[in-house]
There are 2 protein chains.
Amino acid sequence: MQQMAPLARFLPYQLSIASNAVSGRIAQEYRARWGLSVPEWRVMALLGDFGTITQRDLTRLSLMDKVAVNRACKVLEDRGLVERTPNAQDGRSHLLDLTASGREMHGQIMPLAREMERRICAGFSDAELDTFRAMLDRLHRQSEIVDADDIVSDNFGIE
Amino acid sequence: MQQMAPLARFLPYQLSIASNAVSGRIAQEYRARWGLSVPEWRVMALLGDFGTITQRDLTRLSLMDKVAVNRACKVLEDRGLVERTPNAQDGRSHLLDLTASGREMHGQIMPLAREMERRICAGFSDAELDTFRAMLDRLHRQSEIVDADDIVSDNFGIE
DNA sequence: AGCCATTTGTTGCATAGGCAACTATCCTTC
DNA sequence: GAAGGATAGTTGCCTATGCAACAAATGGCT
């Protein structure tokens, strides 16, 4: 058992481990302090930044599933952090916005987010972080491009 | 809605997006081709590399929850890909190993894993990938170090 | 040998998350 | 202005995942 697992050098695996550790750490913080789930936190952040928008806008901005956005909004509304008003332009949707207490929470949430990001990234230069972000973005896009049938068609080195 | 979402520059979020995209892509591949879940695939990979080990060993090596390992092993055993033999040294655990058909599948699984990794990482130099791995590792460790109470005690810049 | 803390594997429960289907509304086309 | 397809939001269902609690077995200590 001295040997290093090859799995530990498998990049998608390393990515998953790191992401889970970071996300879990942050989720734990928001849950303990305000009882917010990750989707709820993201909606709070976006509403604070963009003001009056619809669930569809939130779905596009957050890259989350529309159901996740909907459920987060419902919880936040029940807690009095978010309010819906009818959308005059489109009867299907509502306009969402933070309430006064929602804005107050947002004012605490964002500084904590930045502080946690700062601590987690401590020791990295801005240049390193920019490179890192760029690589994340490329991996993201690349993984959507890769075509399954394309891989199926060759036998990846096995005779 | 022209503005760029600040959330899109929040590193933990970018990490999560990229990781989900990559993992999802690979999971989809293994599910479509062999009906394997991610935990099942990881157990196959580790058993193929390490031979005769216990669930506890698999838990340590994979960094997964012991329940996830247990369930993956059960499924693989039912499918005849893995077999358990009693552990003479410790009556609580069993020794796990790939069956003949499990080894055959492993022989196809690992090349596909490496091929997908290669395609997803296409365009990056070895040096870039090494740096990237090192950063993932540091982010992982750093996020476990950050102490919640420590952050609670200061008010992160808010008066 | 007997007791107690620890460890391994297992089961059950509770939650999160995504997908498909549905309703209501909108928009285009005729 | 009626019909058809598209879109926003909602609900229900199904799966994945993790934790807590448990049983069986071990090892240390007296």
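Order of the sequence lines fixes the chain letters, A, B, ..., with proteins taken first and strands second; residue numbering starts at 1 for each chain. Hydrogens, waters and symmetry mates are skipped; everything else that's a heavy atom, side chains included, is used.
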| For B:Asp126, does the CG atom have more than 12 heavy-atom neighbours from other residues, nucleotides or ligands under 6.0 Å away? | no
| field | Side-chain N or O of B:Arg31 closer than 4.0 Å to phosphate OP1/OP2 of D:dT15 | value | no
| remark: Ranking C:dA20, C:dG9, D:dC19 by distance to the side chain of A:Val67, first place goes to C:dA20
| query | With nearest nucleotides of DNA chain C determined for A:Ala68 and A:Gly91 from heavy-atom distances, which residue corresponds to the more 5′ nucleotide? | reply | A:Ala68
| N or O in side chain of A:Arg71 less than 4.0 angstrom from C:dT15 OP1/OP2 | no
| query | Quick one: is B:Gln55 getting a side-chain N or O under 4.0 Å of the C:dT10 phosphate, OP1 or OP2? | reply | yes
| message | Using whole Å, what does the distance between atom P of nucleotide C:dA16 and atom CD of A:Glu40 come to? | response | 8 Å
| message | Regarding A:Thr54, tell me which of base, sugar-phosphate or nothing describes its non-hydrogen contacts under 4.0 Å with the strands shown. | response | sugar-phosphate
| said: Please tell me if B:Lys66 has a side-chain N or O lying less than 4.0 Å from either OP1 or OP2 of C:dT7. | reply: no
| task | Name the residue closer to the 5' end of DNA chain C, choosing between A:Val38 and A:Asp90 according to the nucleotide with the nearest heavy atom. | result | A:Val38
| note | Heavy-atom closest pair (A:Thr99 atom, A:Gly80 atom, distance to 0.1 Å) is OG1-O, 2.6 Å
| request: Just compare C:dT25, C:dG9, C:dG18 and give me whichever is closest to any side-chain atom of A:Asp65. | output: C:dG18
| note | Separation between CG (B:Leu76) and CG (B:Leu81), nearest 0.5 Å, reads 5.5 Å
| request: Would you kindly give the CG-to-C1' distance between B:Asn87 and D:dG27, to the nearest whole Å? | output: 15 Å
| task | Indicate, with a heavy-atom threshold strictly under 4.0 Å, whether A:Arg60 touches base, sugar-phosphate, or nothing. | result | nothing
| query | Can you tell me how far CD of B:Glu128 sits from CE of A:Met135, rounded to the nearest 0.5 angstrom? | reply | 5.5 Å
| task | May I ask you to establish whether A:Arg138 and B:Phe124 are in a cation-pi arrangement, using a distance under 6.0 Å from NZ or CZ to the six-membered ring centre and at most 45° from the ring axis? | result | yes
| query | Rounding to a whole Å, what distance do you find between A:Arg84:CZ and D:dG9:P? | reply | 8 Å
| query | In whole angstrom, what separates A:Gln89's CD from C:dT25's P? | reply | 16 Å
| Is the base of C:dT7 touched by the side chain of B:Arg92 through a donor-acceptor pair closer than 3.5 angstrom? | yes
| task | Please state how far atom CE in B:Met64 lies from atom P in D:dG18, giving the value in whole angstrom units. | result | 9 Å
| task | Could you tell me the separation between the CG atom of A:Asn20 and the C1' atom of D:dC19, rounded to a whole number of Å? | result | 16 Å
| Nearest-Å distance for atom pair CD/C1', residues A:Gln28 and D:dG18 | 14 Å
| query | Rounded to whole angstroms, how far apart are CG on B:Leu58 and P on C:dT10? | reply | 12 Å
